[in-house]
Protein chains: 2
Amino acid sequence: MAIRQGLLALLDEGPAYGYQLKAAFEERTGGTWPLNIGQVYTTLARAERDGLVAQLETDDDGRVVYEITAAGRTEVAQWFQEPVRRETAPRDELAIKLAVAVTAPDVDVTAIVQTQRGETMRTLQQLTRLKRDADEDADLAWLLVLDRLIFDAEAEARWLDHCESRLARKAGEKAVRRPASGRSPRAAQGSAR
Amino acid sequence: MAIRQGLLALLDEGPAYGYQLKAAFEERTGGTWPLNIGQVYTTLARAERDGLVAQLETDDDGRVVYEITAAGRTEVAQWFQEPVRRETAPRDELAIKLAVAVTAPDVDVTAIVQTQRGETMRTLQQLTRLKRDADEDADLAWLLVLDRLIFDAEAEARWLDHCESRLARKAGEKAVRRPASGRSPRAAQGSAR
DNA sequence: ACAGCCATGTAACTTGTTACATGATTTT
DNA sequence: AAAATCATGTAACAAGTTACATGGCTGT
């Protein structure tokens, strides 16, 4: 619902047409989440179907201007009033992956963790660079989004470390096997019952 | 794709029927993400359509047992090999909300932040309690998922603090207005061009 | 004239999700 | 016998997403 609500909130600031909404949305997220223009229209069409927005007369240049309705305002107000709940959040793919991997036989979980950490660190560096470059001029909204991504990536990295140490401890309990195993990060070669 | 891949990975450990998959999935995530049984079947049907799984003969009790195919194994192996990429991750609703709110006029962003922190802290406590209770017997997968949720919630809380201080700084720059404003957390009353 | 952007829209598809229908088996 | 649980499935929808069609306008 994030996009729908976001566009709705933008319309709450005043009528606008499709391209303006796309631009406004991307400006605030600093292009972190580029929005396919088609999606703006499908989202608007669905919002109109649900009575949250309405088409105004086309403007002087023939552009289709949308306006928020009373029902739409109510929904925006609610969106701002109510916190985002954990239950609403989508299932986390990485967590599912590790949860399944850790229980499965013949899957090198450590390799998964390490690969993922590589990716996470790369992302983190990229974000940090972006922040350094943007810090001067960028507007508050974009900076906050950026920090959000950074905080998230850091949490992910920390969690991966945590997983690794837990895995190491578990492996330790299993005592000594494979005396001098060269690292073999090949994971998931299937199996049978 | 998380559920689909998860079920596929479970099938990679051996054939199973719908209810078994639901149980296996929920066992690993400790019931954090309960799975509607109907979804198991729709997911399986779609995976079958895509040639990733196949129905075996029904077992002795007439249950429909699914088996992973070669193509399915390839996909699971890939899933484990490749890291979860940031670009794949869904847009974060909270970030969008604050990004829009912070730029909009007549929206009390501080109120939003505080409400959200309340929710986040409540979640965090709940998770911590779960962890304390579970720590004895629970299996590794469930503990890791739990920690993931905790790390995430902590990052969110930290980010909210960060947002608040940024907002305070910005408000400071605007200098003194509204000498003794009673807090008016009414948000988003619309506007016109 | 042609390339390229602005602008609107639509058709088609994916994943996730739930509500419901239908039986069989088990428990009370 | 009734209630609960196991088990399979389907219909229908939401939200996100993209590829494509279409036309106007602008600069070269």
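Just so we're on the same page: letters track the sequence lines, and every chain starts at 1.
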* Looking for any heavy atom pair under 4.0 Å, which part of the strands does A:Ala2 touch: base, sugar-phosphate only, or nothing? -> sugar-phosphate
* Asked: What are the two closest heavy atoms between A:Leu140 and B:Val102, and how far apart are they?
  -> CD2-CG2, 3.8 Å
* Heavy-atom pair of closest approach, residues B:Val113 and B:Leu98 -> CG2-CD1, 3.9 Å
* Asked: What's the verdict on side chain to side chain contact (heavy atoms under 4.5 Å, CB included) for A:Glu119 and B:Val84, showing C-alpha distance, side-chain angles and the deciding distance?
  -> CA-CA 8 Å; A:Glu119 169 69 17; B:Val84 174; over 6 Å; no
* Interatomic distance, B:Leu8 CG vs C:dT15 P [rounded to whole Å] -> 12 Å
* What integer distance in Å separates A:Asp61:CG from C:dC6:C1'? -> 11 Å
* Between C:dT17 atom C1' and A:Met1 atom CE, what is the distance in whole Å? -> 14 Å
* Would you name the heavy atoms of B:Ile96 and A:Trp33 that are closest together and state the gap between them? => CG1-CZ3, 3.8 Å
* Indicate yes or no: at least one non-hydrogen side-chain atom of B:Leu11 is less than 4.5 angstrom from one of B:Leu44. => yes
* Taking B:Cys163 as the fixed residue, which of A:Asp147, A:Leu143, A:Leu144 is the one that meets the side-chain contact (heavy atoms from CB on, under 4.5 Å) rule? -> A:Leu144
Atom pairs, protein N/O to nucleotides 3-6 of chain D N/O, distance under 3.5 Å:
none

Sub-3.5 Å pairs of nitrogen or oxygen atoms, protein against nucleotides 17-19 of chain D:
| residue | atom | partner | partner atom | Å |
| --- | --- | --- | --- | --- |
| D:dT17 | OP1 | B:Arg91 | NH1 | 2.9 |
| D:dT17 | OP2 | A:Gln39 | OE1 | 3.4 |
| D:dT17 | OP2 | A:Gln39 | NE2 | 3.2 |
| D:dT17 | OP2 | B:Arg91 | NH1 | 2.3 |

* To do: Ignoring backbone atoms, test whether B:Arg49 places a side-chain nitrogen or oxygen under 4.0 Å from the OP1 or OP2 oxygen of C:dC13.
  => no
When you compare the protein's N or O atoms with those of nucleotides 24-27 of chain D, which come within less than 3.5 Å of each other, and at what distance?
none

* To do: Check A:Arg86 against B:Thr123 and note the closest heavy-atom contact, atom names and distance.
  => NE-CG2, 2.8 Å
